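The structure appears below as structure tokens.
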Amino acid sequence: MYSFEYHNPASQKEAEELLASTDNPSLLAGGQTLLPALKHRLAEPSDLIDLKGIDGLSGIREENGAIVIGAATTHCEVSESELVAKRIPALAKLAGGIGDQQVRHRGTIGGSVANNDPAADYPAGCVGLGATIRTNRREMGADNFFVDLFETALGEDEMILAVSFPIPDQAAYIKFPNPASRYALVGVMLSKTGGDVRVAITGAGSSGVFRDSHIETALSKDFSVDAIDGSGVDEAEISADIHASAEYRKHLIGEMARRAVEAASGS
Amino acid sequence: MTEVKMTVNGKAVSGTVEGRTLLSQFLREDLEMTGTHIGCDTSQCGACVVHVDGQAVKSCAMFAAEADGAEVTTIEGMANADGSLSTLQQAFQDHHGLQCGFCTPGMVMSAAALLAENPKPSEAEIRHYLEGNICRCTGYHNIVKAIQAASGQDVAIAAE
């Protein structure tokens, strides 16, 4: 790992000042992806700005029909939250399936969302539930936030403060985990709010998370397992690697979507 | 360089570390407590699991500076005050929950965290909680048995 200066600011203001005044800073939340990346020398920040000491950056609350989760809230806190379990059980389930328990004790929603790993669970959670990402500069809809592999709309001086999830009528998250890494080979977050259906896919997109409009349209007309005749996405847009071919991933999208409809209908 | 102070197994410790010093490295190299093992150093294997403020974490995936002010418990803090094995450690021995022993510090620390959260876990709950701990010798069966036994649940003693 390259050397860097570690900072532990006590306030958002102090963190913003460090972001502005240092050469090549990186924000540190739970570090469960950042540390492995640093060990592989995939990044060389001059300064790491730890966000965990900032008051008010973690915690879960209900606000105007939405569940608002602070950026530094851990996956474990989300998965064990009674409020999340009551309002959006699919989100609690998603958080409880990330990595392993020791990683969930450290990893945070803000870190996962900012990292935008193409196989991570939270990007699908955000897009599939129509979340809003709140930063120190603005609010962004999840549809516009995730740009490409490991790339988001975040500016250099921007930090995520919270993610706000509108409470859906029904939702489910189903993933087919890679048996070794437990990252999603394909993961589907499905939600239904009134007549609005969202189907977001992680693990399969060659540019990261995406919505499957073919399945969304089918489910808007008929919200049933039988309405899904497979993914409408072109195989050229689906990633292929040693773990699975594009054809197999495409098949899994349809299958996971069917299971998600079944799970959402049962809730 | 950063000054860090923390409590390790009930004892106040301090040190001067680089930003990039991992907690696992601080424990092993600065404090010379080598019970915490480094297996993969990529946060997969769980040999380095310790408790930070009561929660099981992978100490190779955390900087020592992040543990400033924290209460840390390592495998060295798990035995009884008189040096005898704790109930959980004894159960690992009784049920042959280890062969080479490399993963055992992490297994014991994860199991202790599980039992603190869930005093009577089912076999499925134990296996789920240990997903982040890899053992290449035992096939996990005896580790699971040991944890069930330590939680006061009936399991057959392994054959001698």
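Heavy atoms only: backbone and side chains are in, while hydrogens, waters and symmetry mates are out. Nothing here was measured: the structure is a model prediction, and the numbers come from that model. Numbered from 1 within each chain, the chains take letters A, B, ... in sequence-line order.
Heavy atoms closer than 4.5 Å to chain B are found in the side chain of A:L28, but not in its backbone. With a 4.5 angstrom heavy-atom cutoff, B:D41 touches chain A via backbone and side-chain atoms both. For A:N8, no part lies near chain B; criterion is any non-hydrogen pair under 4.5 Å. Interface remark: B:E131 contributes backbone and side-chain atoms alike to the contact with chain A (heavy atom separation under 4.5 Å).
Of all heavy-atom pairs spanning B:V57 and A:R106, the tightest one is CG1-CD, 3.6 Å. Summarising the geometry of A:K39 relative to B:L22, their closest heavy-atom pair is CE-CD1, 3.7 Å, with the distance given to 0.1 Å.
Other residues, nucleotides and ligands contribute over 12 non-hydrogen atoms within 6.0 Å of the CG atom of A:D241.
Of the N and O atoms on the side chains of B:S110 and A:Q102, at least one donor lies less than 3.5 Å from an acceptor on the other residue.
Within the 4.5 Å cutoff, the side chain of B:E117 has heavy atoms near those of the A:Q101 side chain.
No option in B:E66, B:R20, B:M1 other than B:E66 meets the side chain to side chain contact (heavy atoms under 4.5 Å, CB included) test with A:Y6.
Of the inter-residue distances, the one linking B:Q55 atom CD with A:T74 atom OG1 reads 6.5 Å to the nearest 0.5 angstrom.
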